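Remarks on the structure that follows.
Below, chain A is the first sequence line, B the second, and so on; all start at residue 1. Not measured: the values here are computed from a predicted model.
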Protein chains: 2
Amino acid sequence: MRAAFELFTVQGYEGTTVDDITAAAGVSRRTFFRYFPSKEDVIFPDHDSVLDRVRWYLGASANTEPVFAVAEAARLIFESFVATPEQTLARYRLTREVAVLRDREVASVARYERVLSDYLRSRLPKTSEAALAAHVAAASFVAAHNQVLREWLRSGGATDPHPALDVALTTVADLITPLIARSSRQSSQSTV
Amino acid sequence: MRAAFELFTVQGYEGTTVDDITAAAGVSRRTFFRYFPSKEDVIFPDHDSVLDRVRWYLGASANTEPVFAVAEAARLIFESFVATPEQTLARYRLTREVAVLRDREVASVARYERVLSDYLRSRLPKTSEAALAAHVAAASFVAAHNQVLREWLRSGGATDPHPALDVALTTVADLITPLIARSSRQSSQSTV
DNA sequence: TGATGTCTGTCACTCAGTGCCACTATGGTT
DNA sequence: AACCATAGTGGCACTGAGTGACAGACATCA
């Protein structure tokens, strides 16, 4: 991974072959593909584990307030990026330039969003209003997360991003809570 | 494209080589790659043109109410999918099964979202509050759009999706409008 | 000493995608 | 009629990602 990042920043992503990486790392080509399913995956090593952690967290928060749980899940994702600033920054620089990597990043963000909306849907009545609310809520939290993260990355990771994250998450929570509450009530309303 | 879709549905995406497609279509391999930058692009032919149309629409709506304009832009995207139901349905079935294609779809949705949020940011003061509002708003509209589209596709494209789209867009518009209004005022507030 | 399992390297192969060159058909020019 | 420009196409060779099969190295345990 270290060899790959160094080569990517010098030669660019497309300008670096897997052979280059393995030669620099002193392993064989075959070994590389045993540890990374594809060349792109060298850059996104821990997305799966974070996704699992988020799933686990949400699975354990069946009794907490749904909107709060989702906000905390977003915070969890955020922390996983902030925990390794150099790596996150290097990845950010690469994903800005290389379209394939940006698409990959976007895809993994979409997976986070999916996990959040699935959780919300599981906590809400099975109406189309609730489904809409769940998707909008998940998308809003992810958007807030992304916005704060991007701003932080653009600043070079210098400042403490947590105050901004708090503001963003509470803003979205305040926005979303009534929508979720309304869609939860919807079912009891139809029963009445 | 027709040959490709037929082969994809029979043999699967990964099970179909470009050679298969070109043989079925009666053209050479080289010709294929002149029309489609990659194998994936056979399935997403008109995303770029739709994106351009949305950009154009938003570029022309500098005087309309921003939230309304974004909602209409989302409707524009929606219409582009509904206009060709068979193709959209076939694509939907493929993207559900093949991860590469799903990621590709997600990436193009992200581009739509980007266009919407860029527009909103251009219509709002240059504060971080406004930037957050813009991203959340764009994400919410896209989420609403996606939700209605998915529901429609799951139903097999049988019902008329427009009533559901109207509901979803107005729901999001009602939700988002105060947020946008607040972030617009923010700048004049700081002047006071 | 032998059996087992894990990690690694080598080799050969498929397939996506690109660059280069040659061929053909068409339409317009003199 | 001969001449040219140009757009579309095919052929060919090449790079590079990714995979499957096999064999050797090494540590562990019996």
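- For the pair A/K39 NZ and C/dA16 P, the computed distance is 18 Å after rounding to whole Å.
- In this structure, the CD atom of A/E14 is 18 Å from the P atom of D/dT15, given to the nearest Å.
- Cation-pi geometry between B/K39 and B/Y13 is met: under 6.0 angstrom from the ring centre, within 45 degrees of the axis.
- For the pair B/D20 CG and C/dT14 P, the computed distance is 14 Å after rounding to whole Å.
- Remark: B/T31 is in phosphate contact with D/dG10, judged by side-chain N or O atoms under 4.0 Å from OP1 or OP2.
- Taking only side-chain nitrogens and oxygens, B/Y35 never comes nearer than 4.0 Å to OP1 or OP2 of D/dG8.
- Between A/F36 atom CZ and C/dC7 atom C1' there is a gap of 15 Å when expressed in whole angstrom units.
- Remark: A/E72 engages A/R75 in a salt bridge, criterion side-chain N to carboxylate O under 4.0 Å.
- Counting any heavy atom pair closer than 4.0 Å across all strands shown, B/F32 reaches no nucleic acid atom.
- In this model, no donor atom of one side chain and acceptor atom of the other lie less than 3.5 Å apart for B/R53 and B/Y57.
- No contact: B/T22 has no heavy atom under 4.0 Å from any strand.
- Annotation: side chain of B/R182 is not in contact with side chain of B/E129 (no heavy-atom distance under 4.5 Å).
- Side-chain proximity of B/T17 to the nucleotides C/dC15, D/dG10, D/dA17 is greatest for C/dC15.
- Among the nucleotides D/dG18, D/dG11, C/dG9, the one closest to the side chain of B/S28 is D/dG11.
- At a threshold of 4.0 Å, the pair A/D19-A/R29 counts as salt-bridged, since one of the basic side-chain nitrogens sits closer than that to a carboxylate oxygen.
- Counting to the nearest Å, the P atom of D/dC12 and the CZ atom of B/F33 are 17 Å from each other.
- In the interface, the side chain of A/R34 is not paired with the base of D/dG18 through any donor and acceptor atom under 3.5 Å apart.
- When each of B/R29 and B/G26 is assigned the nucleotide of DNA chain D with its nearest heavy atom, B/G26 is the one assigned upstream, toward the 5' end.
- The base of C/dG19 sits with one of its N or O atoms less than 3.5 Å from a complementary donor or acceptor on the side chain of B/R30.
- In this structure, B/E40 places its CD atom 17 Å from P of C/dC15, rounding to the nearest Å.
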